[in-house]
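Here's the structure, in structure tokens; my notes come after.
Predicted model, so just to flag it, every value in this text is computed and none were measured.
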Amino acid sequence: MSYGSFPRHPGRPRPARPVRPARRARPAVAALTALLLAAVAGCDDGDGPAGDAKASAPPGGSPSASAGRAPAAVPPSSPPREAKKAPSSSGPSDSPEPPKPSAPPAGEGGGDGPLHGKVVVIDPGHNIHNQQHTAEIDRSVDIGTGRKECDTTGTSTNSGYAEATFSLDVAHRIRSILQAQGATVTLTHDGDRPFGPCVDERAAIGNKAHADAALSVHADGAAPGQRGVHVILPAKVKGGRADTAPIADPSKELGERVLGKFVQATGSIPSNYVGHNTGLDVRSDLGGLNLSTVPKVFIECGNMRDPQDAAQLTDDGWRQKAAQGIADGIRDFVLSR
């Protein structure tokens with residue numbers, strides 16, 4: 001029975017209720033409680049949910065999570081907390097990954113596409129540095145049917161835009177278009193030579209590459225009023241190192257396709273001063289054609305000395321159309337064989 005159930009007896013004092021000794025807190029529990037209280041008061045360093053609670057507390061007050069409770073005192077000797085270090089570079093990061101390249105770098109070719117396995121050589125006419133090397137480019141070289149100067153400086157517009165600059169720019173554009181379709185494209189030079197190459201070397205580059213098609217980019221320097229585009233085809237010649245019989249007919253087909261696509265892309269007219277308005281001219285005096293063993297043509301994209309043609313040749317958008325027309329003609333030719 002409980003201590004409160006003793007029977008009452010008159011005249012007999014009630015025995016005193018025994019007093020239980022106060023229960024002493026266990027030392028380990030007390031220590032843990034003190035640490036937890038200290039942590040609640042001092043763990044907020046502004047990072048994460050605790051920092052958010054602090055930011056939302058009224059001025060001079062404490063966060064709502066601890067409202068109504070006096071914060072535990074932090075000993076004055078406790079040093080301030082250091083700011084958290086930035087995450088290690090080996091851990092996850094919120095920074096976006098760098099973008100992956102969407103296209104192969106310039107200069108590569110032979111990828112997937114309708115022209116995979118096809119080889120094209122583009123010959124940018126002249127060289128912007130030729131004018132500083134007149135002695136070198138004036139020396140004669142064998143062109144099969146005779147001898148001719150190594151190279152020339154080319155022409156320019158009346159405002160000074162050089163044919164060599166034009167031809168290299170268009171060659172770069174043609175290369176990009178054909179490479180995007182899977183072709184392997186080689187330039188005979190990229191403006192990185194002191195002069196040239198000489199005309200015989202230009203032909204040799206196409207031969208060595210076993211090109212499916214080769215094309216030399218030029219612009220003419222005729223009299224004002226003489227306008228339009230024309231393509232130069234190799235004549236059938238045989239002599240010395242020259243023998244164009246195997247390439248004359250396929251070169252004509254290449255030239256016709258390039259001319260047709262060029263006119264379609266640019267709106268240019270076939271030359272009104274060369275080729276009897278056909279836009280096609282046949283020559284036997286060009287070493288770059290005479291010494292070629294692969295189908296090859298030259299294209300004169302316009303007359304730099306005519307104001308109307310010059311306005312087109314110096315226009316960036318028109319040059320892109322010109323490159324597209326040339327590339328389309330080359331593509332149609334190599335795919336037809």
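Each of Ile174 and Ile128 belongs to its own hydrophobic cluster when Ile, Leu, Val, Met, Phe, Trp and Tyr are linked at side-chain heavy-atom distances under 4.5 angstrom. Hydrophobic clustering, with ILVMFWY side chains joined whenever heavy atoms are under 4.5 angstrom apart, keeps Ile122 apart from Ile177. If you chain together hydrophobic residues whose side chains sit under 4.5 Å apart, Leu215 and Val282 fall into the same group. Cluster annotation: Leu259 and Val217 are assigned to the same hydrophobic cluster (Ile/Leu/Val/Met/Phe/Trp/Tyr, side-chain heavy-atom contacts under 4.5 Å, transitive). The same ILVMFWY cluster, assembled from side-chain heavy atoms under 4.5 Å apart, contains both Leu313 and Val263.
With contacts defined as side-chain heavy-atom distances shorter than 4.5 Å, the pair Gln312/Asp306 does not qualify. The side-chain heavy atoms of Val229 and Ile299, taken from C-beta on, include a pair separated by under 4.5 Å. Val121 is not listed as a side-chain neighbour of Arg202, based on a closest heavy-atom distance of 4.5 Å or more.
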Contacts under 3.5 angstrom, residues 160-171 side chains, donor-acceptor by atom type, not counting sequence neighbours:
from   : atom 1 : to     : atom 2 : distance (Å)
Glu163 : OE1    : His126 : NE2    : 3.3
Glu163 : OE1    : Thr155 : N      : 3.0
Glu163 : OE2    : His126 : NE2    : 3.3
Glu163 : OE2    : His218 : ND1    : 3.1
Glu163 : OE2    : Ala219 : N      : 3.1
Ser167 : OG     : Gly125 : N      : 3.3
Ser167 : OG     : Gly125 : O      : 2.8
Ser167 : OG     : Glu163 : O      : 3.3
Ser167 : OG     : Ala164 : O      : 3.1
Asp169 : OD2    : Arg173 : NE     : 2.7
Asp169 : OD2    : Arg173 : NH2    : 3.4
Asp169 : OD2    : Arg319 : NE     : 2.9

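Applying side chain to side chain contact (heavy atoms under 4.5 Å, CB included) to Arg227 and the options Asp220, Asn303, Asn272 leaves one that passes, Asn272.
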Apply side chain to side chain contact (heavy atoms under 4.5 Å, CB included) to Ile137 and Glu149, showing your working. CA-CA 6 Å; Ile137 66 172; Glu149 63 267 26; over 6 Å; no
Working for side-chain hydrogen bond (donor to acceptor under 3.5 Å, both in side chains), residues Gln320 and Asp316: CA-CA 6 Å; Gln320 185 62 32; Asp316 183 86; over 6 Å; no
Would Arg331 and Arg257 count as a side chain to side chain contact (heavy atoms under 4.5 Å, CB included) if you check the C-alpha gap in whole Å, the side-chain angles of each, and the deciding distance to 0.1 Å? CA-CA 9 Å; Arg331 178 202 62 206; Arg257 289 180 182 271; over 6 Å; no
Check step by step if side chain to side chain contact (heavy atoms under 4.5 Å, CB included) holds for Val199 and Lys148. CA-CA 9 Å; Val199 294; Lys148 207 166 184 180; 5.6 Å; no
What verdict does the side chain to side chain contact (heavy atoms under 4.5 Å, CB included) test give for Gln226 and Val274, after you've listed the backbone C-alpha separation in whole Å, the side-chain angles of each residue and the deciding distance to 0.1 Å? CA-CA 9 Å; Gln226 297 179 329; Val274 173; over 6 Å; no
Dump the intermediate steps for salt bridge (charged side-chain N to carboxylate O under 4.0 Å, His left out) on Asp212 and Arg337, then the final yes or no. CA-CA 9 Å; Asp212 295 286; Arg337 302 184 67 78; over 6 Å; no
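We find the OG1-CG distance between Thr157 and Asp309 to be 11.5 Å, quoted to the nearest 0.5 Å. With values rounded to the nearest 0.5 angstrom, Asp200 atom CG is found 7.0 Å from Cys150 atom SG. Atom CD1 of Ile247 sits about 14.5 Å away from atom NZ of Lys252, to the nearest 0.5 Å. In this structure, CZ on Phe195 lies 9.5 Å from CG on Asp151, to the nearest 0.5 angstrom. The OG1 atom of Thr244 sits 10.0 Å away from atom CG of Asp249, with the distance rounded to the nearest 0.5 Å. To the nearest 0.5 Å, atoms CD1 (Ile330) and CG (Leu335) are separated by 11.5 Å.
Here the shortest heavy-atom pairing between Ala213 and Leu254 reads CB-CD2, 4.2 Å. Contact between Ala203 and Ser292 at its shortest, heavy atoms only, is CB-N, 4.1 Å. Between Thr188 and Pro124, the shortest heavy-atom contact is OG1-CD, 3.4 Å. In plain terms, the two heavy atoms of Arg139 and Cys198 that are nearest each other are NH2-SG, 3.5 Å. The two residues Gly196 and Asn127 make their nearest non-hydrogen contact at O-ND2, 3.0 Å. Scanning all heavy atoms of the two residues, the minimum distance from Arg193 to His129 falls at O-CD2, 3.2 Å.
When atom types are taken as modelled, the side chain of Thr266 and the backbone of Lys321 share no donor-acceptor pair closer than 3.5 angstrom. A side-chain donor-acceptor contact under 3.5 Å links Asn290 to the backbone of Ser284. In this structure a side-chain-to-backbone donor-acceptor pair under 3.5 Å is present from Ser216 to Asp123.
Screening residues 277-333 for disulfide bond (SG atoms under 2.5 Å apart) gives no qualifying pairs among residues at least two apart or on separate chains.
A 6.0 Å sphere centred on CG of Asp112 holds no more than 12 heavy atoms belonging to other residues, nucleotides or ligands.
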